[in-house]
There are 2 protein chains.
Amino acid sequence: MATIKDVAKLAGVSISTASLALNNQPHVREETRKKVLEAAKQLNYQPNGIARDLKSSKTYTIGLILADLAGPFYSELIRGIQDVTASNGYDLVALSAVGENPKSVRYIQEKRTDGMIIMAHNISTEMIRKAARPDFPIIVLDRKMEADHIYSVGVDNRKAAFEAVSYLLKKGYRRIGYLGGPSNSTDNQQRFLGYRDALKAQGLKVEPKWCLQGRFVKEGGYQAVKLLAAQDLLPEAIFSANDEMAIGAMEALEERGIKVPQEVAIVGFDDIQLARYVRPALTTVRQPMYDMGSMAASLLFRLFQKDRSVRSVMLETELIIRESCGGNPSISGGMGNGMEGSDRWSLRNV
Amino acid sequence: MATIKDVAKLAGVSISTASLALNNQPHVREETRKKVLEAAKQLNYQPNGIARDLKSSKTYTIGLILADLAGPFYSELIRGIQDVTASNGYDLVALSAVGENPKSVRYIQEKRTDGMIIMAHNISTEMIRKAARPDFPIIVLDRKMEADHIYSVGVDNRKAAFEAVSYLLKKGYRRIGYLGGPSNSTDNQQRFLGYRDALKAQGLKVEPKWCLQGRFVKEGGYQAVKLLAAQDLLPEAIFSANDEMAIGAMEALEERGIKVPQEVAIVGFDDIQLARYVRPALTTVRQPMYDMGSMAASLLFRLFQKDRSVRSVMLETELIIRESCGGNPSISGGMGNGMEGSDRWSLRNV
DNA sequence: TTGTAAGCGTTATCAA
DNA sequence: TTGATAACGCTTACAA
């Protein structure tokens with residue numbers, strides 16, 4: 001690997017001159033610059049970014065940690081972040097936090113980026129708190145937390161879940177199950193509370209036998225519902241804490257010839273791309289993922305600029321009515337460009 | 001930011017001793033180690049990864065560059081890579097190459113990782129060739145290229161396309177269009193050649209009016225087909241160079257009330273997750289994305305170990321018959337966990 | 001306009 | 001068992 005030293009030597013100048021020339025700094029004679037550039041080319045010189053980062057304590061990179069990079073859930077989120085980072089001349093690197101003790105925390109602790117956006121329930125709040133610094137702000141998307149140099153961007157999960165379940169109740173369903181995610185996930189906890197609140201508001205209470213664990217993945221939803229169906233314990237409706245599990249649930253039901261929504265209604269959460277393509281199309285709570293992403297990134301850049309007015313933000317969700325709980329499918333088909341539905345059902349401020 | 005220097009000072013030892021203690025090296029008195037660890041904790045010390053990387057010229061990270069991180073296409077690929085990197089104790093960082101002159105090339109050039117996997121047609125072959133080094137191998141997934149420290153993993157696009165189009169021909173379709181991606185994409189070029197070959201083998205030739213450009217994105221497929229339909233120029237069948245465009249095409253047709261497959265048949269390429277969910281379910285060429293990912297990563301690790309036997313690899317594709325060109329849907333339904341058909345791929349050396 | 005030299009935070013070598 | 005000290009490759013005062 002050719003270093004700047006080699007370039008300088010070949011060009012017959014000092015290292016600092018070589019550096020100046022290479023970085024298009026003024027105060028370098030044109031002839032000298034040419035010599036240096038020529039030498040660099042000849043050696044196929046490429047600067048070592050790590051050394052530069054170390055020296056300048058700046059990486060022009062922001063990091064994004066997701067529980068599962070490969071999940072279908074994140075497209076719009078990534079797009080939102082990316083649009084903002086790119087327009088600020090930054091790179092975005094994404095990593096996923098897999099397993100109980102994700103290796104990627106190393107990446108947070110060791111500060112290989114200028115800031116972080118995190119949406120991974122398997123990364124502990126404690127860890128995040130420890131890693132944040134004035135020059136290393138962190139935005140969390142999957143929990144509520146406000147501490148020095150830490151901000152959160154998200155939706156009011158409890159309220160959103162409350163409304164989704166209330167919708168089921170309004171349609172006359174009484175025996176409503178909950179298909180949940182990992183218990184250490186704040187999102188899951190809040191959605192469960194919203195579910196409980198809604199039942200309670202109608203004088204109903206949570207039935208443990210209908211509280212399923214699906215780990216936020218399709219296979220989990222599939223297994224949980226399959227088991228319940230085998231025991232003949234199915235409720236009339238299921239509120240699933242995310243769409244993936246809801247789709248798994250639908251497949252389990254289909255396998256047993258149980259009709260959705262006629263026999264069991266289903267509501268999901270997230271509005272992933274697939275939601276509108278499954279049959280029946282999934283009624284679900286839309287999270288404004290693109291906005292969450294761009295908001296998180298903007299916050300970060302404002303923080304880089306020492307903007308003191310930054311605060312955590314909560315965005316609005318929207319219940320998207322499709323076919324999976326019967327009744328007026330108002331949406332299905334269309335370009336799926338995320339534009340449908342802004343006029344439909346409720347929008348609310350938090 | 002507390003550095004190791006601060007820790008050393010607080011513990012009353014030298015920097016080197018602090019380093020030894022912190023890294024669990026032997027030859028440190030237990031008492032001393034305790035003192036150091038205590039100091040580190042008190043200062044909330046976290047090692048600076050960049051400095052470490054610089055010193056050790058090793059990052060224990062491999063990079064993945066995708067044309068569009070947010071695309072639906074990559075889940076399985078990422079999973080394949082991730083499984084291998086994680087089991088080798090490495091991190092995976094993903095970046096996307098957006099636009100004509102992607103900023104992320106910086107990441108390649110500046111070697112912030114120990115190796116790279118690239119699937120982004122907007123990164124030039126020239127650039128890749130320049131960046132590869134003995135200690136910085138690169139695996140390309142979207143083009144055929146073999147040079148020092150560069151290997152490719154992929155499928156035989158031309159053959160796969162040939163088979164897909166031949167299938168249409170065998171079903172009796174004669175007027176077959178091509179919905180293609182960016183012209184600088186090798187994948188696109190090869191698929192087009194396969195399409196042409198298949199037509200030629202039946203004495204047919206390519207009709208320019210049926211050669212559409214959809215930029216590999218859904219919206220592109222939608223627009224192109226919409227336009228063609230408006231001019232009443234639709235062929236009997238369309239071979240789309242990827243699934244996203246195929247789905248866009250289907251939506252354009254649906255909008256005009258044109259039935260698939262009765263009036264226009266469609267075949268896609270990739271077998272993304274959505275393909276089995278759209279109605280009619282999409283007949284398409286499955287690329288073994290998971291295997292491509294794990295294979296690419298394995299190659300990298302073998303290279304790290306100076307394994308000289310590494311060679312480029314070509315994997316087999318498979319035509320998945322569903323409903324979008326009429327006739328015998330052989331696969332559809334199931335858990336969609338990507339496990340179907342895994343007994344069918346074979347490895348071929350190039 | 002160019003060169004010398006310090007330093008970013010580590011790890012590693014060698015003496016003490 | 002510990003401590004000086006020299007790198008790693010770069011940027012940047014400051015001096016010449």
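In what follows, chains are A, B, ... by sequence order, proteins preceding strands, each numbered from 1.
- Toward the 5' end of DNA chain D, the nearer of the two residues Leu54(A) and Arg29(B), judged by each one's closest nucleotide, is Arg29(B).
- A donor-acceptor pair is defined here as one N or O able to donate and one able to accept, closer than 3.5 Å; no such pair exists between the side chain of Lys111(B) and the backbone of Ile50(A).
- We find that CD of Gln109(B) is positioned 18 Å from P of dG9(D), with the value rounded to whole Å.
- Annotation for Tyr60(B): atom OH does not count as buried by contact number, only 12 or fewer foreign heavy atoms lying within 6.0 Å.
- First and last contacts of DNA chain C with chain A, using any nucleotide atom under 4.0 Å from a protein heavy atom and ordered 5' to 3', fall at dT1(C) to dG9(C).
- Taking 4.0 Å as the cut-off between side-chain N and carboxylate O, Arg33(A) and Glu30(A) count as a salt-bridged pair.
- Here Met127(B) contributes atom CE and Gln46(A) contributes atom CD; the two are 5.5 Å apart, rounded to the nearest 0.5 Å.
- The backbone N or O of Thr59(B) lies less than 3.5 Å from a partner atom in the side chain of Asp114(B), making a donor-acceptor pair.
- Remark: the backbone N or O of Ser294(B) is not paired with any side-chain donor or acceptor of Asp83(B) at under 3.5 angstrom.
- Rounding to whole angstrom units, CD of residue Gln25(A) and C1' of dA13(D) are separated by 13 Å.
- Between Leu303(B) and Pro137(B), the shortest heavy-atom distance links the atoms CD2-CB, 3.8 Å.
- Ring geometry for Phe301(A) against Tyr90(A) counts as perpendicular: the plane angle is over 60°, on a 0 to 90° scale with 30° as the lower cut.
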Report, one pair per line, the protein and nucleotides 3-7 of chain D atoms (nitrogen or oxygen only) whose separation is under 3.5 Å.
{"from": "dG3(D)", "atom 1": "OP2", "to": "Ser14(B)", "atom 2": "N", "distance (Å)": "2.7"}
{"from": "dG3(D)", "atom 1": "OP2", "to": "Ser14(B)", "atom 2": "OG", "distance (Å)": "3.2"}
{"from": "dG3(D)", "atom 1": "OP2", "to": "Thr17(B)", "atom 2": "OG1", "distance (Å)": "2.8"}
{"from": "dG3(D)", "atom 1": "N7", "to": "Ser16(B)", "atom 2": "OG", "distance (Å)": "3.1"}
{"from": "dA4(D)", "atom 1": "N7", "to": "Ser16(B)", "atom 2": "OG", "distance (Å)": "3.4"}
{"from": "dA4(D)", "atom 1": "N6", "to": "Ser16(B)", "atom 2": "OG", "distance (Å)": "2.8"}
{"from": "dA7(D)", "atom 1": "N3", "to": "Lys55(B)", "atom 2": "NZ", "distance (Å)": "2.9"}

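- Contacts between residues 34-50 of chain B and DNA chain C, defined by a heavy-atom separation below 4.0 Å, involve Tyr45(B), Gln46(B), Pro47(B), Asn48(B), listed by number.
- When atom types are taken as modelled, the side chain of Asp142(A) and the backbone of Ser185(A) share no donor-acceptor pair closer than 3.5 angstrom.
- Counting non-hydrogen atoms under 4.0 angstrom, Asp53(B) reaches nothing in the nucleic acid.
- Residue contacts shown for Ser57(B) are absent, as no nucleic acid heavy atom lies under 4.0 Å away.
- Annotation: cation-pi pair Arg112(A)/Tyr107(A) present, NZ/CZ under 6.0 Å from the ring centroid and within 45° of its normal.
- Rounded to an integer number of Å, the gap from Asp135(B) CG to dC8(D) P is 15 Å.
- The interatomic distance linking Arg52(B) (CZ) with dG9(D) (P) rounds to 18 Å, in whole Å.
- Here the side chain of Ser312(A) pairs a donor or acceptor atom with the backbone of Ser152(A) at under 3.5 angstrom.
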